[in-house]
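Here the structure is laid out as structure tokens; the discussion comes afterwards.
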Amino acid sequence: MRYSILQLSIAAVICIVIGCGLPAEPLRESITFDYTPSKEAAPGSANVTFAVVGAQPVTPTQQGVTQSLLQAPVPLFEDFASTMTKDFMEVLNARGFGVTGPFETYDKIMHPVKEASDLLLTAQVKFIAEMSGVQIAKRFTVFSSTRYYALQGSATVKCDVTLLLSECLTNEPMWTKSIAMEPFMVTLDSSSAAYSNHELAALATKYGQIQQHPLTGIPLEVFTTQVFPKCPIGVFLQKDNKFHADLGHALEAQYVKILNQIDVYLDPREIAIVKNQAMELRKRKVY
């Protein structure tokens with residue numbers, strides 16, 4: 001019995017020293033966006049050549065937050081857009097189109113390539129995240145003056161993609177198609193990550209929305225309904241591996257749906273009509 005009590009005492013000390021009760025953070029999972037076209041036409045059979053410019057992430061505006069803070073890159077969203085560019089190439093090839101690129105911007109395409117291409121394809125990818133449903137779940141106290149806060153609630157995420165086709169030599173817009181996916185919710189699990197009072201104080205300084213105790217500087221729990229709507233989703237994705245995994249897997253499913261719709265829109269019969277209009281425009285603009 002004495003040995004058992006001693007074991008418990010040692011375990012209690014270890015728990016205090018290392019912060020017993022803090023959420024166990026899972027390892028960060030790799031998120032993979034991938035799409036394989038279901039059909040494959042003969043190379044060049046569509047008789048249209050595309051120059052592809054990489055998909056461009058669009059930064060949404062948000063009242064009360066400076067644009068520079070919103071422009072902080074979110075790696076998960078950047079991977080989504082960059083992989084979409086790669087899969088553009090596969091879809092176009094599978095449809096029988098000629099393809100050059102991808103190019104970083106239109107200005108970086110050499111003139112002979114523009115002249116030899118019929119149409120320019122790019123896309124704008126816009127993510128909108130609503131964090132107002134996130135609140136404090138519980139508070140942990142460890143062996144120090146540091147307090148840790150876990151979060152719970154749901155983030156609502158929406159992804160809109162706009163396809164843009166232009167006449168390649170003049171960059172004159174010819175055709176647009178919008179793909180608006182239904183918003184989806186991802187839950188923050190209060191057992192997966194913890195934020196120290198120092199981290200929350202830093203968020204207060206950066207976003208100006210956390211109320212703190214005037215003497216101790218410790219964040220007041222009433223801040224929960226005020227800070228998160230203003231805090232970009234990238235802050236939580238960087239900290240919370242489970243949230244990153246759950247949102248990533250949800251986006252993987254969204255990605256396939258979006259590419260399926262892009263495949264439908266890039267029907268060679270419709271693109272042939274756009275090409276003819278583009279060639280007429282090119283004649284008027286150039287000569």
Side-chain angles (χ1 to χ4, degrees), residues 22-33 57-81 83-84 124-140 148-161 179-197 199-204 206-211 219 221-258:
L22 287 179
E25 182 72 2
L27 296 176
R28 175 146 297 210
E29 292 185 37
S30 296
I31 303 301
T32 302
F33 302 111
V58 177
T59 303
T61 58
Q62 184 173 318
Q63 186 176 3
V65 179
T66 62
Q67 195 70 7
S68 61
L69 292 178
L70 287 172
Q71 287 172 344
V74 179
L76 195 60
F77 296 165
E78 290 188 327
D79 290 347
F80 190 100
T83 306
M84 182 176 291
Q124 295 177 344
V125 185
K126 184 177 183 180
F127 288 98
I128 302 172
E130 172 58 58
M131 305 299 295
S132 60
V134 180
Q135 298 182 9
I136 284 288
K138 63 182 76 171
R139 185 176 65 195
F140 304 90
Y148 289 87
Y149 299 79
L151 309 180
Q152 70 177 8
S154 296
T156 301
V157 181
K158 192 173 188 298
C159 177
D160 293 337
V161 176
I179 305 169
M181 305 304 294
E182 287 294 323
F184 60 93
M185 298 179 69
V186 180
T187 300
L188 276 82
D189 186 342
S190 62
S191 66
S192 66
Y195 294 75
S196 71
N197 56 303
E199 289 174 309
L200 294 177
L203 292 179
K206 193 168 186 179
Y207 299 101
Q209 293 296 320
I210 302 176
Q211 294 185 14
E221 297 199 12
V222 295
F223 84 87
T224 56
T225 59
Q226 299 177 19
V227 62
F228 297 127
K230 303 294 185 181
C231 205
I233 194 171
V235 171
F236 305 94
L237 289 172
Q238 183 178 11
K239 173 73 175 179
D240 190 333
N241 287 347
K242 186 176 186 304
F243 179 50
H244 179 273
D246 291 345
L247 177 57
H249 293 316
L251 286 175
E252 286 174 338
Q254 295 273 315
Y255 183 84
V256 173
K257 293 179 182 178
I258 289 171

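Side-chain atoms are counted along with the backbone in the values below, which use heavy atoms only and exclude waters and symmetry mates. Predicted model only: the values in this text are computed from it and were never measured.
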Distance check, rounded to the nearest 0.5 Å: Asp246 atom CG versus Glu29 atom CD?
8.0 Å

Heavy atoms of other groups near Gln152 CD, more than 12 under 6.0 Å:
yes

Flag the pair [X] / [Y] as yes when at least one side-chain heavy-atom distance between them is below 4.5 Å, and no otherwise.
X      : Y      : result
Asn241 : Leu27  : no
Phe243 : Leu237 : yes
Ile128 : Val157 : no
Val161 : Gln124 : no
Cys159 : Phe127 : yes
Leu247 : Phe184 : yes

Determine whether Phe80 and Tyr255 satisfy the following criterion, ring-ring contact (aromatic ring centres under 6.0 Å, His included), listing intermediate values before the conclusion.
CA-CA 8 Å; Phe80 190 100; Tyr255 183 84; 5.2 Å; yes

Taking all atoms of both residues into account, what is the closest heavy-atom pair of [X] and [Y], and its distance?
X      : Y      : result
Thr156 : Pro183 : CG2-CB, 3.9 Å
Ala129 : Ile233 : CB-CD1, 3.7 Å
Ile258 : Ile179 : O-CD1, 3.9 Å

According to salt bridge (charged side-chain N to carboxylate O under 4.0 Å, His left out), who are the partners of Lys257, at least two apart in sequence or on a separate chain?
none

For Asp160, what residues pass the salt bridge (charged side-chain N to carboxylate O under 4.0 Å, His left out) criterion, not counting sequence neighbours?
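With sequence neighbours excluded, Asp160 shows a salt bridge (charged side-chain N to carboxylate O under 4.0 Å, His left out) to Lys158, given in chain and number order.
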
For Thr187, what residues pass the side chain to side chain contact (heavy atoms under 4.5 Å, CB included) criterion, not counting sequence neighbours?
Ser154

Counterpart residues, side chain to side chain contact (heavy atoms under 4.5 Å, CB included), relative to Glu252 (two or more places apart):
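Here the qualifying residues are Ile31, Thr32, Phe33, His249.
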
Backbone N/O of Ala194 and side chain of Lys239: donor-acceptor pair under 3.5 Å
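Checked: pair present.
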
After noting the C-alpha distance and the side-chain angles of His244 and Arg28, does the key distance pass the side-chain contact (heavy atoms from CB on, under 4.5 Å) rule?
CA-CA 8 Å; His244 179 273; Arg28 175 146 297 210; 3.2 Å; yes

Go through the steps for Met84 and Val125 under the test side-chain contact (heavy atoms from CB on, under 4.5 Å), then give the verdict.
CA-CA 9 Å; Met84 182 176 291; Val125 185; 4.0 Å; yes

